[in-house]
Number of protein chains: 2
Amino acid sequence: MDGPPSYETVGRLSRYRRLLTRRVETGSEGVYSHELAAVAGVSAAQVRRDMMAVGANGSPTRGYNVEKLVECLSVELDDPEGSRAALVGVGNLGRAMLSFFQGRRPKLSIVAAFDREPYKVGRVVCGCRCYSMDEMSQVVIDKKITVGIIAVPSSAAQAVASELEDAGVRGILNFAPVALRISPETFSEDIDMTMALERVAYFAGRNS
Amino acid sequence: MDGPPSYETVGRLSRYRRLLTRRVETGSEGVYSHELAAVAGVSAAQVRRDMMAVGANGSPTRGYNVEKLVECLSVELDDPEGSRAALVGVGNLGRAMLSFFQGRRPKLSIVAAFDREPYKVGRVVCGCRCYSMDEMSQVVIDKKITVGIIAVPSSAAQAVASELEDAGVRGILNFAPVALRISPETFSEDIDMTMALERVAYFAGRNS
DNA sequence: TTCACGCTGTGAATTCATACACAGCCTATC
DNA sequence: GATAGGCTGTGTATGAATTCACAGCGTGAA
């Protein structure tokens, strides 16, 4: 199981880093796989496998050095030149994404937002400048944006995705409940909240 | 592969239903597995397996009858008595969930919202009444709420989850990036948007 | 009537992710 | 110095989900 970290692993690495960053502030030096596993909600064996994937190694007696581990995770997760993301659709969901991301990560930031509504254009929302949709391609190119977040209605999602792709975006986080047709070069991840809620309702009923 | 539909399958069933509901309006009668597969973004074989899971059957020449299929999916997905959900945390994310759900499903609706901010309490947000956090247990019990949506800051998430569970909730959709400690009786699904964005950024960089 | 086509339904194979289980090692203790 | 304990690192097993591949069948055409 060598080679690049898998889809699932990358997600957990991100979670580990966030948890460890908190821990660094409390001043603890070492962390055992079972401790990290407990706060991350996974098994200890899983944690150790994930550590293998990033080449981190711990000592049987001290566990993993927290600072080194954060460093190691960051080397794996972050693009050395940083990644810039664009948000398309400044509705409730878009603002939620912006406020989550207010300067959390030095190497990953949302540097532009786009919306169709004229009264939003030109304003600064949650620390991010809002542009008109017409400016999208140009801004994406100028700012070297490689990640797009689609938070527009389903009917507009495909057009936005295509335009982002043509402008050079190589990863898309899509909240619209439609299957995007994009080139296999471009990575995309869908988050379908309606589906998630229906699923929870389903299994809630089954467990009662 | 008999027995109850799996986690992944249930998600897709929800998606199929939404896509088919649109199609019903256009008046088409039958649908082939490869057609549904194309719009859902999965393989044809996957669609047929999922159809097996709900006991739907199609004809080799006409495909699956759309109306019957929607009916069949609804029988599987919906609780006959309906499910009621509570939203905790009426921030941007909470409002996004509410607006997504404005009367979409007859058998699944968000019937109450809760927030700590006094100025939100008593107001109606996106068609949903907002209560104070103090009223949570009582309202959940009174309205027979079985599903909870946690859209509060991480620091408050565990307390909310425990209180919901004690009040009878059996399914939780959690947007806070923490691992909830809940009874195994209760189903929970986590949506971690920060993690998702970091993952997209990771794979975007890798493909460029 | 016969034939060929295209789709469904499904056993079997494959791929992927997770959990198990233990050898090896380092430290602390006696 | 010897010993015991506990954690890491990893081969192996298990389990889940997806895809492959094809038999069976109903329909429309010749």
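Letters A, B, ... are given to chains in the order of the sequence lines, protein chains preceding strands, and every chain is numbered from 1.
We find that Arg18(A) and Glu198(B) are not joined by a salt bridge, their nearest charged nitrogen and carboxylate oxygen being 4.0 Å or further apart. With salt bridges taken as basic N to acidic carboxylate O contacts below 4.0 Å, one links Glu35(A) and Arg23(A). Remark: Glu189(B) engages Arg199(A) in a salt bridge, criterion side-chain N to carboxylate O under 4.0 Å.
Both tests do not hold together for Arg62(A) against Tyr64(A): distance to the six-membered ring centre under 6.0 Å, angle to the ring axis within 45°.
Side-chain atoms of Arg12(B) lie closest to dT18(D) of the nucleotides dC26(C), dT18(C), dT18(D). Distances from the side chain of Pro60(A) to the nucleotides dA17(D), dG26(D), dT8(D) place dT8(D) closest. Candidate nucleotides dT18(C), dT19(D), dG9(C) were compared by shortest atom distance to the side chain of Gln46(A), and dT18(C) ranks first. Across dT27(D), dA12(C), dT10(D), the shortest atom-to-atom separation from the side chain of Arg49(B) is found for dA12(C).
Between the NZ atom of Lys68(B) and the C1' atom of dT8(C) there is a distance of 16 Å, given to the nearest Å. One interatomic measurement links the two molecules: CG of Asn57(A) to P of dG9(D), which rounds to 6 Å at whole-angstrom precision. Atoms CD (Glu8(B)) and C1' (dT18(C)) sit 14 Å apart, rounded to a whole Å. Between the P atom of dG9(C) and the CE atom of Met51(B) lies a distance of 10 Å, rounded to the nearest Å. The distance between atom CZ of Arg48(B) and atom P of dG24(D), rounded to the nearest whole Å, is 16 Å. In this structure, CE of Met52(B) is placed 14 Å from C1' of dT18(D), rounded to the nearest angstrom. Look at OH on Tyr64(A): it is 14 Å from C1' on dG6(D), rounded to the nearest Å.
Phe100(B) pairs by the ring pair (Phe, Tyr, Trp, His ring centres under 6.0 Å) definition with nothing, not counting sequence neighbours. Residues that satisfy the side chain to side chain donor-acceptor pair (under 3.5 Å) test with Asp78(A), not counting sequence neighbours, are Arg17(A).
Between Tyr7(B) and Phe187(B), the ring planes lie tilted relative to each other; the angle falls in the 30° to 60° range.
Near-neighbour residues of DNA chain D inside residues 29-40 of chain A, defined by a heavy atom below 4.0 Å, number-ordered: Tyr32(A), Ser33(A), His34(A).
Projected onto DNA chain C by closest heavy-atom contact, Gly58(B) and Thr61(A) fall at different nucleotides, the more 5' of which corresponds to Gly58(B).
Phosphate proximity of dT18(C) to Ser43(A): absent, as no side-chain N or O sits under 4.0 Å from OP1 or OP2.
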